[in-house]
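Have a look at the structure below before the remarks.
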Amino acid sequence: MKLDSNSENHKKKRWGMIVGIDKNMITVQFKGTLKQNEVGYAVLKGCRLKSEVIRIMGDKADLQVFEETRGLKRGDLVEFTDELLSVELGPGLLGRVFDGLQNPLNELVEKGGFFLPRGTYLTALPDDVRWIFTPRVRPGDSVEAADIIGTVPESIFIHKIMVPFYLSGRYQVIDIAEPGTYRKNEQIALLKDGRGGRIPLSMSFQWPIKIPVSLYRERLDPVEPLITRIRIIDTFFPVAKGGTYCIPGPFGAGKTVLQQITSRNAEVNVVIIAACGERAGEVVETIREFPRVTDPVTGKSLMERTIIICNTSSMPLAARESSVYTAVTLGEYYRQMGLHVLLLADSTSRWAQAMRERSGRLEEIPGEEAFPAYLESIVANLYERAGLVSLKDGTMGSVTICGTVSPAGGNFEEPVTQATLKVVGAFHGLSRERSDARRYPAIDPLESWSNYRGIIDIDTRNRILKLISRANEIDQMMKVVGEEGISLDDYLLYLQGNFIDSVYLQQNAFDRVDSATSSERQIKVFSLLMDILDTPLSVKNKEEARTYFGKLRQIFLDYNSSSEGSVEFHENERRIKDIVVEHQGDTSQVGKTSLRSVLVESDLDSHFRRSTSMKATGNGSLTIQKEEDEKDIR
Amino acid sequence: MRRISDKIIQISGNVIMVLAPGVKYGELALVSSERGDSFAEIIRIEEERVYLQVFSGSIGISTGDKVTFLGHEMRVHFSKNLLGRVFDGTGRPRDGRPSLNENLIQVSGSTVNPVKRIIPSRMIHTGIPMIDMFNSLVESQKISIFTTPGEPYNELLVRVALQAKVDITILGGMGLRYDDYLFLKNTLERDGALSRSVLFIHTAADPVVECLMVPDLSLAVAERFALNGERVLVLLTDMKNFCDALKEIAIIMEHVPSNRGYPGDLYSQLASRYEKAVDFEDFGSVTILSVTTMPGDDITHPVPDNTGYITEGQYYLTNKRIEPFGSLSRLKQFVNENTREDHRSLMDTMVQLYAFYQDTKEKKAMGFRMSSWDNKLLKYGNLFERDLMDLSVNMPLKDALDRGWGILAECFEREETGLRTELVNKFWPKEMILCHGEDQTYQDSTEKRKRQPEAL
Ligand SMILES: Nc1ncnc2c1ncn2[C@@H]1O[C@H](COP(=O)(O)OP(=O)(O)OP(=O)(O)O)[C@@H](O)[C@H]1O
Ligand SMILES: [Mg+2]
């Protein structure tokens, strides 16, 4: 038996008539009832343009059209569907590329060739794939929304077929399909509700994207680190499974590259990439390369754990707003199966701008920089959809959200950055200064922070950050008093800070080995680094000190790019240790004392004070950035 | 099918409003006034009120003038006959030759399906080391020259156009000074490149709104050529003027400005143009090189800022040099892997050292004692600026890389550069003899440059 999951809502068709057009917004006169966020189709010769109701006033409604509106005219008809903007959930999402409305882009090629055909919508999940279904319930069992009724294998996982999320209350299973192969629209179960109504189920169902899925038992504190294999993140500014973090930075600072590396290396089950209003070319790299890269964990291609939602900058604006919700809804769906999902959204500023344009067209009272006054709550609602949860069957699942932010003028004081900083658990601020100096990833160690637990204990992490911060101060001081104006002690600190920066914080994204450092290797290398810093050093003058660290750095870089366990790896490690021993002094010497004093004595933790105050008040110290930017570009 | 309205109800800025039922959004109309005919485009429909943006401006338009709706959107001729021709911002000939009225194509195109795009792989050689070596230009890239009024940006633009071996060049001029227009046209002509170019020129003397169509016309034509298998380079100068025209219309339409008067959709407007840069697999490609002038050299100004977020990098042209800082080609990593094995590392190292040099220069300016390291850096910085950064330098990539090693060897010891040992062993010039040789080559190339002053 065939079954269309949409058909149950099928009512008599309702129509409206276009009376106004302003870019991608149309005003429609209607009779009868209409729902906020209901989907309608503007009928144009030969195609239907998908739209969403965004405001209702009397007998007129404003709809945002997910397409170009050229060619529409007053008097054209709009067909309403009675449905909210939804996505289809079911097996067959992994490895696919969708637009912001879940149109499969590869399948659209058959319709439009090189170009995206206007007003053409395809079903997200393939109709013709046969899934091998294994039932997990028996007739007579009692079930509710999100309960598992069976499984099908989907690329790297056992995909759980669940009772549709929109069903409320308890149901009795009357019939369940035998093990065998079924297509997504075939009936696999029949449920009975309390009043005797019968509900047929297939393997897929619809869910409205703006409504969070919260069918879990409990939301938990995100305590387990999410390993990205990027050293500066995992060691110093860690992120957690189920947590949230943001990457603001001026253009060209490396936000996209950072997310691309993360999408390859992050230790999670599913990665969802939401390319939201950015360059199409950047997605292409992922689309073309992932199928060819093997994921060491699953042994299959990286694409099989990835979903791409691609609504790039020249694609319709309104769909850009939806794309982020589409992405997070798919994430919540997989979380419901007990999986760990990472959502990477690039860039949330473009998403916010889509909202700004809509708000402007509705002539709402503008807030700062013309963003709508409700910007903050919308940003907060999005990030709140992340979370580590325990499901009803006791398994855990998570959605982690990382959003890039593209602040106007690179100034973090603008509304989107500020709204985001208030709600995330970690902040990876990229600085123009670092990216100009090619210190990648350009995460600024002096401004970034994380509230999550990582692989290195917090005290050690802070000690080193303090050292880096101190080295930076000395660097600034040298700009004023010159190298001769500071003591050898201070100069050593400066060199140490620089050394950590260049061999540990910086990581070469294009080097086969260096681009990803496992947590075990990070712990090992970090402790080697600590040994080096703790070893008292015998040098007579600054020149000698600089030469020492120069040599050490050179070998350390070679060490970073030799694969773990290889001959060179051990060779380089030995050379590093040899050099350190060679320059070792006795404990009374300057190097030792100075390091101790800065790391242990000083309780003025300027770095962390600044970070927490910034988070609490959501303003202030970040502006320091700006002057530096200006200086750099000069 | 043609609808005519002879009552203009409102004239405000360059936007007029008429009552007209049954017209389509985006449709073109002809406004006939005593100053002649002008195209106008429908930009809003509100009940029976229809708002049109008049390309030639509203000066002299009377409420009694006739508005004829044409039933179609903006179109432009497309065929090989375009080559060698010069048009204005609405597609009318500017060169006194006949207009081309058949084979019309729609100016507003569709978006390329992202999955049909391919990873860029072909470098465009320009002979400018700051581009080829440090920020390679790549076919299908969109990149902008960030600069300030008075810099030789049009010279740079046309020099790239002449040295790049593309099939067709399309020049879109917006708000060009007449002199600049002549300079660009004559330079192309002198080099014999005009016959494989198409020019859409809006000069500073033309009505402001007319410049709005220049990028669309240029890119629509470029896209068609590309689909016919041609490798097309589109030059757009100056996009700041395009943005200012957008701002003007937005203000008339009473859109809430988001930043310094510019409309909130500036990003999307620019993106929909720049995203036309593409490489059609098995066909041709569109590469976009634009100019964005920054008022007061302020990169945080909304125009360069939004542009930077859209383009795949920028060349920062200041003091008649392309600065390594602030300049970036985001596609360089697709091509500089296959040029020469030392390209990437050498490029990174030289830029880092140049950053150190700038710190040192600052220190020196403040009167601090220079260490031996500082002195090395100073020497390095000067050589770098003279031999690689100077815009008059013109040499193939291979020579630029060799010169890079030469400069390093003249200034530093082998282990001081932070370059990987294996590269140093292979490329570090062999002691004195080669150093001397390098000097020799340098002199030779200076000689050559002196003999071709018009190279830039
Ligand atoms: N980790 C890295 N290693 C090496 N190069 C990098 C790294 N990160 C960034 N880059 C360089 O910087 C360029 C810009 O990076 P990216 O595209 O990520 O910037 P972005 O912050 O996303 O900018 P935008 O906001 O304009 O999208 C890259 O093309 C690359 O050349
Ligand atoms: Mg980016």
Side-chain angles (χ1 to χ4, degrees), chain A residues 19-22 68-75 97 105-106 108-109 112 114-118 251-252 279-281 283-285 287-288 310 312-315 317 350 353 356-357 360 366 369-370 406 408-411 436-438 479 482-484 510 543 546 550-551 553-554 557-558 632-633, chain B residues 21-26 44-48 73 108 110-120 255-259 264-265 267-268 271-272 275 280 299-300 302 305 308-310 312-313 316 325-326 328 330 333 344 348 351-352 355 359 362-363 368-369 371-373 415-416 418 420-421:
Chain A
V19 295
I21 307 164
D22 182 11
E68 269 235 60
T69 51
R70 287 171 175 277
L72 284 177
K73 58 181 188 301
R74 181 169 162 244
V97 185
L105 290 177
N106 278 307
L108 274 181
V109 172
F114 278 120
F115 297 96
L116 290 170
R118 183 160 72 143
F251 63 77
R279 306 168 188 84
V283 192
V284 177
E285 289 169 49
I287 297 176
R288 300 269 167 162
C310 172
T312 51
S313 57
S314 61
M315 289 165 77
L317 185 81
R350 307 302 161 219
Q353 283 176 355
R356 172 169 75 185
E357 274 180 55
E369 288 185 23
S406 320
N411 179 1
D436 268 354
R438 306 292 194 268
K479 291 215 172 93
E483 200 176 292
E484 63 268 36
F510 300 114
E543 183 74 40
R546 189 173 51 236
K551 249 194 257 169
R553 183 180 70 145
Q554 184 84 6
L557 291 177
D558 291 344
D632 282 322
I633 200 70
Chain B
V23 295
K24 287 181 280 188
Y25 188 73
R44 185 194 284 179
I45 299 176
E46 214 178 70
E47 305 282 346
E48 65 278 14
E73 298 169 21
S108 68
S110 316
T111 299
V112 171
N113 188 335
V115 300
K116 284 297 278 182
R117 287 178 180 261
I118 52 174
I119 296 181
H255 291 155
V256 184
S258 70
N259 206 337
D265 67 352
Y267 175 86
S268 302
S272 67
E275 283 281 307
F280 293 115
I299 199 169
T300 68
D305 189 49
Y309 276 119
I310 291 162
E312 287 152 339
Y316 181 40
F325 305 116
L328 171 70
R330 299 173 190 228
Q333 61 262 31
R344 258 186 203 171
D348 284 338
V351 169
Q352 274 197 0
D359 287 347
E362 235 167 76
K363 272 197 284 182
F368 293 122
R369 190 164 47 93
S371 66
S372 61
W373 173 247
E415 65 274 16
E416 280 177 331
R420 260 184 301 139
T421 320

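Because only heavy atoms are used, hydrogens play no part in the values below, and waters and symmetry mates are left out as well, while side chains stay in. By convention in this document, chain letters (A, B, ...) are assigned in the order of the sequence lines, proteins followed by strands, and residues within each chain are numbered from 1. What you see is a predicted model, and the numbers here were worked out from it, not measured in a lab.
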Can you tell me which portion of [X] sits under 4.5 Å from chain A's heavy atoms? Options are side chain, backbone, both or neither.
{"X": "B:V112", "answer": "both"}
{"X": "B:I118", "answer": "both"}
{"X": "B:P302", "answer": "neither"}
{"X": "B:S371", "answer": "side chain"}
{"X": "B:L328", "answer": "side chain"}
{"X": "B:D265", "answer": "both"}
{"X": "B:T421", "answer": "both"}

Does some side-chain heavy atom of [Y] sit less than 4.5 Å from a side-chain heavy atom of [X]?
{"X": "B:E312", "Y": "A:R279", "result": "yes"}
{"X": "A:V97", "Y": "B:P114", "result": "no"}
{"X": "A:E483", "Y": "B:F368", "result": "no"}
{"X": "B:S258", "Y": "A:Q353", "result": "no"}
{"X": "B:T300", "Y": "A:N411", "result": "no"}

Atom pair [atom1] ([X]) and [atom2] ([Y]), whose distance is rounded to the nearest 0.5 Å:
{"X": "A:D558", "Y": "B:R420", "atom1": "CG", "atom2": "CZ", "result": "7.5 Å"}
{"X": "A:Q554", "Y": "B:E416", "atom1": "CD", "atom2": "CD", "result": "11.0 Å"}
{"X": "A:F510", "Y": "B:Q333", "atom1": "CZ", "atom2": "CD", "result": "4.0 Å"}
{"X": "B:K116", "Y": "A:N106", "atom1": "NZ", "atom2": "CG", "result": "9.5 Å"}

Ionic contact status for A:R70 with B:E73, cut-off 4.0 Å: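 A:R70 and B:E73: salt-bridged.
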Pairing residues for B:Y267 by the ring pair (Phe, Tyr, Trp, His ring centres under 6.0 Å) criterion, not counting sequence neighbours: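 Applying ring pair (Phe, Tyr, Trp, His ring centres under 6.0 Å) to B:Y267 gives none.
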A:R350 to B:Y309 six-membered ring, cation-pi geometry met (6.0 Å, 45°):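 Ring-cation test returns yes.
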